[in-house]
Amino acid sequence: MRQFKAESKRLLGLMIDSIYTHKEIFLREIISNASDAIDKLAYRALTDDSVGMSRSDFAITVEVDKDARTITVTDNGIGMTAEELDSNLGVIARSGSGEYKAAAEGEDVPDIIGQFGVGFYSAFMVADSVTVYSRAFGSDGANVWQSKGAEGYTVKPCERASVGTSVVMHIKPDTEDEKYSEFLEPWRLRELIKKYSDYIAWPIKLDGETVNSMKPIWQRAKSEVTDEDCAKFYKEKYYDTEDPAAVIRVSAEGIVSYKAMLFIPSRAPYNYYMRDYKAGLSLYSNGVMIMEKCTDLLPECFRFVQGVVDSADLSLNISREMLQHDRQLRAIASNLEKKVKNELEKLMRDDREKYEKFFAAFGLQLKYGVVSGFGEKRELLRDLLLFPCSGHEKPVSLAEYAAAMPEGQPYIYWARGDSAALLERLPQAELVRDAGYEVLYLTEEVDEFVVNALGEQGGKELRSVTADDLGLPARTTQAESEKRAEEAKDLLDFVRETLGGAVAEARLTDKLKSWPACIAAKGPISIEMERYFNSLPGAGEKVKAERVLELNPEHAVYAKLRDAFENDRDRADAIVHALYYEALLVAGVPLDDPAELAGLINELLV
Ligand code: ADP
């Protein structure tokens with residue numbers, strides 16, 4: 001007896017103990033494996049005459065034996081060798097048992113079955129013993145895999161005349177809570193096939209009759225398929241419990257003819273931003289799947305799109321490298337890119353709430369696209385971005401911001417910080433807001449790179465509120481401010497020296513209103529970029545912005561500082577440090593030693 005891998009054993013235990021309430025999906029899982037196996041052999045048959053089968057020869061049969069309490073699902077697909085039986089059916093949760101544990105503690109248990117490739121094991125939810133007879137294409141002998149659950153399994157040679165696989169499930173006895181026997185009723189099985197496996201491209205036969213309608217949903221006329229049908233198909237195929245935000249149907253005739261059904265999910269799969277997420281559209285040619293995840297059909301920035309592309313014009317022997325050079329494929333890709341963009345714009349216009357939800361899930365992906373893309377790709381995404389903004393409850397697009405600008409507004413202003421609430425109080429933004437201009441709140445790390453990449457909107461420069469020149473009417477004349485700076489020279493030198501190497505410069509500003517001081521940076525690295533780069537894993541040498549402490553000469557604290565500078569240098573020293581730490585805090589820069597600030601406050605309070 002062979003043992004299941006340790007993680008598999010735990011999972012199998014959980015599954016048998018029925019954490020999962022929809023036991024009925026076991027049939028869908030077994031049938032979908034059978035269908036995959038047929039896909040593989042049918043594909044082989046196109047290029048390899050030794051298969052000796054044509055499309056119409058393939059089928060999946062479901063048989064019930066009430067007396068023996070068995071359901072048998074047979075396919076004439078590719079089959080499995082003894083090694084494959086061992087490796088494919090001996091391990092569960094290949095795609096990540098760690099994540100499984102995490103997820104199993106949450107609510108969404110049902111989704112796990114598909115997501116983690118534990119499909120086959122769902123048989124144990126209804127069966128106390130599962131036997132798999134299989135003969136692989138190209139091999140002489142057949143083998144039988146058998147397991148009664150968590151104890152382990154055996155693999156032995158057996159007799160089987162033809163290539164393919166039979167999965168025999170011995171159904172559990174009824175309990176008080178569960179009437180397993182209902183799965184031995186043909187009407188019930190028929191119902192399940194209709195419900196879950198209707199679009200399987202191969203006939204599923206029960207009592208000699210084909211139960212499924214077979215024709216893939218994307219091949220049917222738009223008028224024949226309702227939105228609900230599409231959503232149902234999406235949810236089953238991509239293991240989402242939520243309807244997609246949008247469905248895109250394409251039926252193109254021309255240089256290259258194809259049909260496509262694309263889905264824009266309304267939320268990100270749990271692993272979307274992780275490495276193991278596999279993006280790509282399924283590529284079919286005449287109903288035969290030629291590639292499960294084809295990434296050449298959509299640009300990286302739209303990798304969240306799911307769906308199917310089916311074209312008889314594609315060559316079946318296409319390889320991954322050839323795909324990139326394939327003219328037909330490129331024509332399809334460029335068309336799909338436009339369709340997705342149009343659909344997103346439409347969603348943004350017509351169903352803002354849905355779009356915002358979509359953007360919360362995938363906005364980051366679009367922003368990465370702006371940063372890493374060039375020219376055309378950037379422009380493709382510009383109109384799809386949303387940012388929180390002062391004076392607006394909901395996020396706005398750049399175009400919306402620009403359209404609402406008062407006449408004469410010189411720049412489009414933005415501020416970068418951890419949250420809109422923090423930015424709402426950013427000292428530097430105060431006068432901009434007072435002038436009647438709104439400020440875009442950039443709350444994600446990538447945002448600053450995004451605005452730098454975009455540069456402008458409708459000819460107006462995107463400018464940080466921490467920039468020296470904000471284009472606001474000057475509050476003091478040039479001569480006045482020079483005079484003031486001259487008068488303050490000794491004090492400013494003192495401030496810089498007192499702070500040691502912490503700041504490169506101390507200066508007066510007329511950018512502030514109700515705040516006595518703020519922190520700015522000179523040179524190419526902003527305070528926010530410094531934080532970003534230093535937060536990256538493995539950041540070696542610390543990146544340092546050249547900090548500038550800016551003081552508001554109109555503020556009462558400034559008068560106090562002057563006074564102390566003249567009469568009590570210790571006190572002046574304490575005020576300077578307190579102002580510096582305060583400015584850092586308000587800018588969202590964590591203090592190395594918060595106790596120092598607390599000590600300073602105490603000192604100044606007595
Ligand atoms: P998944 O289908 O998600 O990969 P399963 O646990 O359902 O996970 O199946 C594991 C593997 O076993 C499949 O990927 C496939 O290689 C193999 N397999 C299962 N059923 C069959 C079948 N009927 N014919 C051929 N291979 C199969």
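In listed order, ligands and their atoms are each counted from 1.
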Checklist entry - Would you say D75 and ligand 1 have an N/O pair spaced under 3.5 Å apart? => result yes
Checklist line | Ion pair K23/E182, N-O distance below 4.0 Å | finding: no
inquiry  = Contact between ligand 1 and E29 is defined here as a heavy atom of the residue under 4.0 Å from a ligand atom; is it met?
reply    = no
So the atoms of ligand 1 within less than 4.0 Å of a heavy atom of F120 turn out to be 5 (P), 6 (O), 7 (O)
| query | Taking the six-membered ring for Trp, are Y272 and F362 ring centroids under 6.0 Å apart? | reply | yes
### Task
Decide, yes or no, whether a salt bridge links E353 with K357 under the criterion of side-chain N to carboxylate O below 4.0 Å.
no
*What do you reckon, are the aromatic ring centroids of W218 and Y258 less than 6.0 Å apart?*
no
What do you reckon, does N33 have a nitrogen or oxygen under 3.5 Å from a nitrogen or oxygen of ligand 1? yes
Check: N88 N/O within less than 3.5 Å of ligand 1 N/O
yes
Within 4.0 Å of some non-hydrogen atom of L89, the atoms of ligand 1 are 12 (O)
Quick check: do Y153 and L89 have side-chain heavy atoms less than 4.5 Å from each other?
no
